[in-house]
Each structure stands twice: as structure tokens, then as C-alpha cells.
There are 2 protein chains.
Amino acid sequence: MRHHHDIQALRKQGFRLTRQRMLILELLRSSERHMTADQIYAEVSQHHPEINLATVYRTLQWLHQVGLLRKIDVGKDRLEYEYAHDAEHHHLICKVCGDQTQIDNHVIQTLQAHILEHYGFEADPDHVALFGRCAQCRAAETE
Amino acid sequence: MRHHHDIQALRKQGFRLTRQRMLILELLRSSERHMTADQIYAEVSQHHPEINLATVYRTLQWLHQVGLLRKIDVGKDRLEYEYAHDAEHHHLICKVCGDQTQIDNHVIQTLQAHILEHYGFEADPDHVALFGRCAQCRAAETE
DNA sequence: CGCCTTATTGCAAATACTTGCAATAAGCAG
DNA sequence: CTGCTTATTGCAAGTATTTGCAATAAGGCG
């Protein structure tokens, strides 16, 4: 399952999968809606009163940075967060041979971050598709 | 001139062009860089000590909503703002309102370089189009 | 110009979010 | 399972941002 895959990869990168992080991620993953930090805090602390609001904020920041959450500015006084389903389905489509390559999140996330940063535009990760010429076709063209 | 045009249009929509708003807009327009709320406050209050920080925040929100400023979340503890000059070339297409924004080369060039380097894929710069939600629709989506 | 309506401001208080630091616990090695 | 290293947490205090409300002033009208 993709979810587990991501999570385990993160552990290998030296991040720790704490109870708090899992609780928050699971909540957002099972909830279909955006949630604000304090809604999340309220939900989680219902069953785990020991959790701290500062931890919620820090965890949300972290989950956003590693690409598991989207951060949404709805123009109100708070930010909202939602689980980033299918965060890595991007494609490079070759105009010559039609081949489609998948590319990893990191590159696209960098682009998305740039765009959000500079234009306030939240690019939809499900529709990123770049056209061009793949490595093989480029090589072939050179003879 | 586009700037004046915009501004006058706003007045017709019932907004008031106050000294505070003009000062802040001019500052950002003449400054090439991003600025945080308190940097702006510091600058403006230098010559206009009567200005209030809350007003700065409210004005920034307003300028952002009417599309004259971009709001930039650089992942630090504060938000930054920059004047929304007309950019060039590629497009960001809003799935909500259909609006097309042009984005500048720099961002795309960075992406292209990344992709060429990591995938040997030469992305065609003329066909970059990203779908998503524009700043205004994101702000408007007040649910 | 002077009056009127009401959007906007300034102030102060409230709320949202971040951070320093000591204590805790995840994950690895033995 | 046990001990060690250090990422992460909780707490409390700090900083950033928003908001209610009375006072001010922009812009329209005569």
C-alpha cells in the first residue's frame, strides 16, 4: 500500500514515526475534509489528552514538508490541512514516441512550492503533465 | 497604465483609496522584493508614524484579495508579500474560475533543468500548463 | 465647498502560531 | 531485551495576526 511505503521511506530518512504523528496523519487520511490545527487538536486529544497543540502545529508543518499534506489558505484567519492523496502521479510524456515516465514528487513539489510561493496558485498535483522528448528519442535523433 | 486603471476600478467598486493603502501599495510596487508585514510597517511608519500595524495587516489582506499582491509562504514563521507584476509565458489555469495566469520562465527553467538532469527528458517549455486553484478562488472558497 | 453615508482606521484585547529548553521515547546496535 | 543516541514532545513564554468597536475620513451629492 502506497501509504505504508511512504511512511517507511520517511523512517529510513531518519524521521521518527511517533504516536502523535501517526494519530494526526491517520485522522486527516480518514477524514475527507480540510481541517484546521485546532480542529485536529480537538479530535485527537479526545482519545489522547496528552497531546500538545504545539506538537500538532509542528507535525502539520512536517507532514506538509514531506509532501503528505496540503496546506490550504482559505483566506480566513487560519490555515487548513488535508491529506495529499495520490501525491505522486506526475508524468513526462514524450511527443515523439508517446512514452510516459513517472517522475517523483520531489521535483514537482519544488515546482509547486515555487508557484504557490510566487503566485499564490495551488497547482493540482493530479494534473501535472509535461510534454517533451524523452532520453531515448533525443538520443535517436542525434543518430 | 495598468496600475492606475486597476486602482480606479477598485474605487468604482466601492473600495476607498486611503492614504494607508496607497502608501503600502507604492512601497511594494517600487520595491522589487518580498516583504513581511512588519518590514512594511517599519518602512511606512518611518515617514508616517501614525500608521497602525493592524491596518498594515488588513491592507495586505485586501490587496491580496483584489489581486494586486501575491502572498508568499516561504515556510518560515511569517508570510511575505510582493507586488503582482505581470509575469510572462507559461500558464496556470484555474479549475474553478478558468482564469489563466502567466508565470515567468525562471520557475519553469528551474524545473526543466531538474528534469533534464534527473530523467534525461527535455521538457518542451511551450507546453507547460498547470491546473489548479488560483489565489482568488482559494480565498473565496470560504466554507 | 459642506454634509452625509459608511468603509476604513487605530487602539486594545483576543486568538493563532512559533520557539527554547529540559524531558521523553523512536529506532538502531549489541 | 537493554542501553545509547538524538529526533521529537510538552510546557511555558514569545511573536504573529486577527478582531470588536468607537472615531475618522473617502467619495458622492447638492
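Chain A is the first sequence line, chain B the second, and so forth, proteins listed ahead of strands; every chain is numbered from 1. Below, each value reflects all heavy atoms present in this structure, side chains not excepted, and no hydrogens, waters or symmetry copies. Note that the structure is a prediction, hence the values are computed from the model and not measured.
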Colleague: Taking side chain as C-beta onward, heavy atoms only, is B:Arg19 less than 4.5 Å from B:Glu50?
Modeller: yes
Colleague: Taking atom C1' of C:dT9 as reference, at what distance in whole Å does atom CG of B:Leu23 sit?
Modeller: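 After rounding, the gap between these two atoms is 13 Å.
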Colleague: Do any pairs count as a ring-ring contact (aromatic ring centres under 6.0 Å, His included) and have a residue in residues 39-63 of chain B, sequence neighbours left out, and if so which ones?
Modeller: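 Qualifying pairs, neighbours excluded: B:Phe15-B:Trp62.
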Colleague: Thinking salt bridges, do A:Arg21 and A:Glu26 make one under a 4.0 Å N-O criterion?
Modeller: no
Colleague: Atom CG of A:Leu63 and atom P of D:dT8: how far apart are they, to the nearest Å?
Modeller: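 Rounded to the whole Å, the gap is 11 Å.
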Colleague: Separation of B:Glu80 atom CD from D:dT17 atom P, in whole Å?
Modeller: 10 Å
Colleague: Could you give the CH2-to-P distance, from A:Trp62 to D:dT8, as a whole number of Å?
Modeller: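 A:Trp62 atom CH2 is separated from D:dT8 atom P by 7 Å.
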Colleague: Could you measure the distance from the OG1 atom of B:Thr36 to the CD1 atom of B:Ile40? Nearest 0.5 Å is fine.
Modeller: 6.5 Å
Colleague: Which pair of heavy atoms, one from B:Tyr81 and one from B:Leu28, lies closest together, and at what distance?
Modeller: O-CD2, 3.4 Å
Colleague: Mind calculating the distance between NE2 (A:His64) and P (C:dC17) to the nearest angstrom?
Modeller: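 Going from A:His64 (NE2) to C:dC17 (P), I get 14 Å.
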Colleague: For A:Glu82 and A:His34, which heavy atoms make the closest approach, and how far apart are they?
Modeller: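 In this case the closest contact between A:Glu82 and A:His34 is OE1-CD2, 2.9 Å.
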Colleague: Send over the distance from A:Ile51 CD1 to D:dT8 P, rounded to a whole Å.
Modeller: 14 Å
Colleague: Can you check whether A:Asn52 has a side-chain N or O nearer than 4.0 Å to OP1 or OP2 of D:dT9?
Modeller: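 The answer is no; no side-chain N or O of A:Asn52 sits under 4.0 Å from OP1 or OP2.
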Colleague: Return the value, rounded to whole Å, for the distance between atom CD1 of B:Ile40 and atom P of D:dT17.
Modeller: 10 Å
Colleague: Strictly under 4.0 angstrom, non-hydrogen atoms only: write out the protein contact profile of nucleotides 20-30 of chain D, one letter per nucleotide from the 5' end, B, S or -.
Modeller: B----BBS---
Colleague: Please report the distance, rounded to the nearest Å, between CD in B:Gln61 and P in D:dT19.
Modeller: 7 Å
Colleague: By nearest atom, which of the nucleotides D:dT19, D:dG10, C:dT18 is closest to the A:Tyr57 side chain?
Modeller: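 The answer is C:dT18.
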